[in-house]
Amino acid sequence: MDKSAVRLENVSKSFGPVTAVNRVSLELRRGEILSLLGENGSGKTTLMNMLAGLYFPDEGEIFVDGQPVTIRSPRDALSLGIGMVHQHFKLVDVFTAAENIVLGTGGSGRYDAKRLRQDILDISQKYGFEIDPDRKIYDMSVSERQTVEIVKVLYRGAKILILDEPTAVLTPQETDKLFAVLRSMREDGKSVVIITHKLNEVMAVSDRVAVLRRGKYIGDVATRETDPKKLTEMMVGRSISLNIDRPEPTQRTERLRVSSLSVLGEDGVMKLKDVSFEAYSGELLGIAGISGSGQKELLEAIAGLDPAQPGASVLFTSREGEAHELVGKSPLEIAALGVALSFVPEDRLGMGLVGDMDITDNMLLRSYKRGKSFITDRRRPKKLAEEVVDELEVATPRLSLPVRRLSGGNVQKVLVGREIAMQPTVLMTAYAVRGLDINTSYTIYNLLTEQKMKGVCVIYVGEDLDVLLELCDRIMVICDGQVSGVLDGRTATKEQLGLLMTHMEVSAGE
Amino acid sequence: MTQLIQLIQEALAFGTVILFGAIGELLTEKSGNLNLGTPGIMYLGGIAGLVGAFFYEAAAGAAASPVMGVLISLVCAFVVAGLGGLIYSFLTISLRANQNVTGLTLTIFGSGVANFLGGSLNKLAGGVGQISIAVTSSGYRAATGLENLGFVGNILFSYGFLVYLAIVIAIVASFFLNRTRAGLNLRSVGENPGTADAAGISVAKNKYLATCIGAGVSGLGGLFYVMDYTKGTWANDGGIERLGWLAVALVIFATWKPVKAIWGSYLFGVLFWMYLYIPGLTRSSQELFKMLPYVVTIIVLIVVSIRKKRENNPPESLGLAYFREER
């Protein structure tokens with residue numbers, strides 16, 4: 001009997017110019033737990049979304065139980081027995097667990113609330129869940145919500161269960177519980193895919209590991225025959241030489257001294273735990289980590305946007321040698337001291353720029369507070385806008401074009417260019433090259449290096465390990481809101497970074 | 001006593017207009033579409049019913065029967081108002097246009113079309129320049145036959161059938177939303193279309209259906225206004241639009257619950273007409289009383305915001321377009 005439950009053959013998917021998944025072939029067997037491992041942006045979620053019917057592949061074929069199938073919608077996927085638990089839960093907050101579970105399951109007229117409740121309890125008992133069908137979702141903890149999601153998928157009769165980073169939001173105890181449930185599903189003959197980048201979990205729960213890197217399929221190994229080190233190598237790959245110019249730091253003096261900085265996230269989970277580090281002038285400090293490990297919160301806390309927990313201290317030393325405590329100051333006061341934040345979130349326009357305003361007005365946003373007159377001074381921002389457009393080669397037909405209509409790379413140039421023009425003492429950038437082509441990325445790298453040589457303390461949160469290794473003087477690695485190590489950018493290796501990012505101890509060579 | 005009965009009767013008639021409007025808008029909003037075109041849609045419903053009845057009575061002459069007149073105008077009103085909803089749906093769901101702008105435009109469009117046609121009908125009718133469709137209107141206003149049972153009969157049974165239909169529709173809507181699978185699906189679309197989509201529910205289909213049927217129901221409010229409230233006549237006085245906005249306010253007042261909208265609509269009616277029964281009011285201080293329904297709505301909004309009960313909040317994705325592959 002054929003043991004393959006699902007087979008993907010040469011599946012590809014692009015979003016605009018970016019190829020998220022590039023000719024991937026993957027097999028999932030019956031009664032196994034498969035880990036899908038890869039860095040951020042390696043295409044794990046995109047690949048699985050194609051199985052779940054959220055995205056439609058550009059090319060390639062999908063086989064379920066050996067039969068070629070077309071999955072055009074989540075409903076198609078469910079009718080084939082494929083169910084996915086998304087990282088961001090797809091639950092209706094004001095509904096009860098039972099209502100969420102019955103949602104969208106065929107039939108018309110009234111639903112039998114009593115039988116539904118019994119069905120839910122049966123499923124829970126079979127696999128060892130704890131669930132109260134009548135509780136509203138908004139009253140539930142994150143792990144209870146996840147349970148609802150899983151029961152929802154099982155209630156629809158899924159034989160193939162895909163979990164997208166299921167443990168990201170769970171405590172260790174909850175994780176153990178989840179794994180026990182997954183194992184009992186495996187005993188029941190179901191196939192489970194868990195998308196993750198936590199190596200210890202991969203080792204703990206899965207039978208087989210498949211690795212993706214930059215949208216490409218690297219290979220798969222039986223978990224028994226591998227170890228975290230080998231998996232890390234598969235995940236990060238060999239170093240590629242990028243030839244980014246990296247001069248030695250000069251005039252190195254302390255600018256920022258961060259100690260015991262903790263930040264509480266919106267959902268009540270600690271996003272940063274007791275982070276301490278120093279940053280120096282004339283130095284490019286890289287921050288590496290799996291996305292969502294607390295990079296955003298770190299920068300925002302320094303910039304005064306996120307409130308720090310009591311006991312934290314961020315000591316800033318200005319160029320004149322004066323020391324200022326930044327915790328407790330408003331974002332405006334901090335910016336006035338010369339601490340600049342240029343943050344490039346997923347949608348690029350979300351923070352820092354106003355999409356419907358033109359380049360000049362966006363420059364004005366940063367400088368108008370310095371003006372004395374009632375009427376805004378538009379002359380200087382306009383001059384600045386012209387300079388930024390010239391120097392950074394922003395491709396725009398005219399200055400009066402709304403920023404929203406520029407391409408992503410040009411938007412980023414405007415944002416970074418504006419922050420640099422403020423002549424900051426500390427320049428923080430996050431994901432400054434996300435979505436940019438190679439040439440533009442190099443322009444940004446050179447800009448940052450130029451700032452460093454001018455004696456600015458540059459903090460660069462990046463995703464691409466190769467870039468971090470060639471651009472930064474020191475690299476601080478964050479894992480799960482904690483600093484897991486600080487490496488010298490000139491001697492560190494990709495494997496070291498990879499292991500620190502996934503929280504495996506290495507002898508850090510500083 | 002007669003004054004009280006009169007006030008209640010006026011309030012119920014007034015309330016019925018906005019109850020239809022509000023139930024239609026409520027269904028629409030439950031799908032996540034904030035249709036501010038409700039006043040325009042009520043206008044469309046009103047004028048379509050009037051046009052249908054007018055031509056039927058003109059064609060049938062002396063043989064015109066109230067039942068046929070009622071049927072024809074009812075269908076005309078529902079279908080034309082539903083088409084108004086279809087315009088809105090196409091723009092906001094398929095083309096993902098801004099819902100507020102589309103809705104407001106629809107209000108202007110609907111009232112323009114209706115007032116143009118209404119004015120033309122008044123000209124066509126000749127005579128004193130006032131259209132009258134007495135036969136159909138009498139069909140709408142035919143009371144239950146129980147209105148002579150003294151006080152109770154006066155208050156409960158002295159209205160045309162649309163008053164009762166409005167209550168029935170509100171109760172059916174409540175049952176549909178809270179007890180049926182289709183209703184659950186519809187609510188999930190308005191709360192979290194991504195979730196609904198992932199659960200295999202067609203977001204577009206639910207939004208289209210809820211918006212068009214909702215518009216049809218709202219249109220009946222306009223029909224009731226023309227046929228019963230103003231007794232089969234037409235005046236370009238903006239009366240329907242004023243009530244249309246109250247219908248939108250009533251949805252908020254009722255915290256998106258159809259059954260609450262029933263008594264809410266009558267309360268609005270009492271508040272609105274109270275000025276007639278308070279002695280010593282001048283023309284300007286009357287207007288203060290007509291404002292009361294809005295004041296009450298604001299108070300409800302404040303109370304709901306303070307109590308922070310999730311069930312009383314608007315559908316979570318109200319006013320937002322949905323696009324599956326958005327990253």
Side-chain angles (χ1 to χ4, degrees), chain A residues 13-16 18 20 45-46 49-50 52-56 71-80 82-86 88-96 98-113 116 136-139 148-149 152-153 155-156 164 346-347 435, chain B residues 26 29-32 98 101 171-207 209-210 255-257 304 307-318 320-327:
Chain A
K13 176 79 186 172
S14 303
F15 295 98
V18 185
T45 304
T46 309
N49 274 340
M50 286 190 273
L54 280 187
Y55 299 148
F56 192 73
I71 305 175
R72 290 202 170 272
S73 69
R75 171 158 284 197
D76 288 355
L78 281 171
S79 65
L80 290 166
I82 303 172
M84 182 157 172
V85 175
H86 298 268
H88 303 286
F89 298 145
K90 300 206 177 268
L91 295 171
V92 179
D93 280 357
V94 293
F95 285 10
T96 63
E99 282 175 329
N100 267 292
I101 288 166
V102 78
L103 195 65
T105 56
S108 54
R110 301 179 59 175
Y111 54 88
D112 185 346
L116 172 65
K136 294 266 164 97
I137 299 299
Y138 61 76
D139 272 338
V148 176
E149 278 278 22
K152 181 168 127 189
V153 171
Y155 179 76
R156 279 141 219 258
D164 191 358
E346 275 97 70
D347 62 354
Chain B
L26 198 149
E29 290 194 14
K30 278 289 180 187
S31 77
N98 180 297
V101 175
I171 292 170
V172 168
S174 179
F175 178 81
F176 167 78
L177 286 171
N178 296 319
R179 292 272 180 275
T180 65
R181 280 170 195 273
L184 189 70
N185 293 354
L186 175 63
R187 281 194 291 145
S188 74
V189 167
E191 291 287 341
N192 193 335
T195 297
D197 197 12
I201 297 164
S202 168
V203 174
K205 191 177 111 193
N206 270 286
K207 281 190 169 221
L209 276 177
T255 58
W256 291 266
K257 293 179 186 66
V304 165
R307 284 174 55 199
K308 283 196 181 124
K309 209 170 153 222
R310 291 292 294 270
E311 282 81 358
N312 288 338
N313 279 339
E316 210 170 302
S317 81
L318 184 62
L320 306 174
Y322 176 65
F323 178 47
R324 181 190 290 169
E325 294 210 2
E326 205 162 324
R327 296 244 292 183

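In what follows, every chain begins at residue 1, and chains take the letters A, B, ... in the order their sequences are listed.
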If I take atom [atom1] from residue [X] and atom [atom2] from residue [Y], how far apart are they, to the nearest 0.5 angstrom?
X        : Y        : atom1 : atom2 : value
B:Thr195 : A:His86  : OG1   : NE2   : 9.0 Å
A:Tyr138 : B:Glu311 : OH    : CD    : 3.0 Å
A:Ile137 : B:Glu191 : CD1   : CD    : 12.0 Å
B:Asn185 : A:Glu99  : CG    : CD    : 11.0 Å

Can you tell if the side chain of A:Val92 reaches within under 4.5 Å of the side chain of B:Arg187, non-hydrogen atoms only?
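No. Closest side-chain heavy atoms not under 4.5 Å.
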
Who wins among A:Leu78, A:Val153, A:Leu91 for the most heavy-atom pairs under 4.5 Å with chain B?
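Heavy-atom pair counts peak at A:Leu91.
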
Pick from B:Pro315, B:Ala198, B:Gly183: which one has the most heavy-atom pairs with chain A under 4.5 Å?
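Ranked by heavy-atom pairs under 4.5 Å with chain A, first place is B:Ala198.
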
B:Leu184, B:Asn192, B:Ile201: which one forms the most heavy-atom pairs within less than 4.5 Å of chain A?
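Looking at each option in turn, the highest pair count goes to B:Leu184.
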
So for B:Asn178, is it side chain, backbone, both, or neither that comes closer than 4.5 Å to the heavy atoms of chain A?
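Backbone only.
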
Give, as side chain, backbone, both or neither, the part of B:Phe176 having an atom under 4.5 angstrom from any heavy atom of chain A.
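For B:Phe176, neither part sits under 4.5 Å from chain A.
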
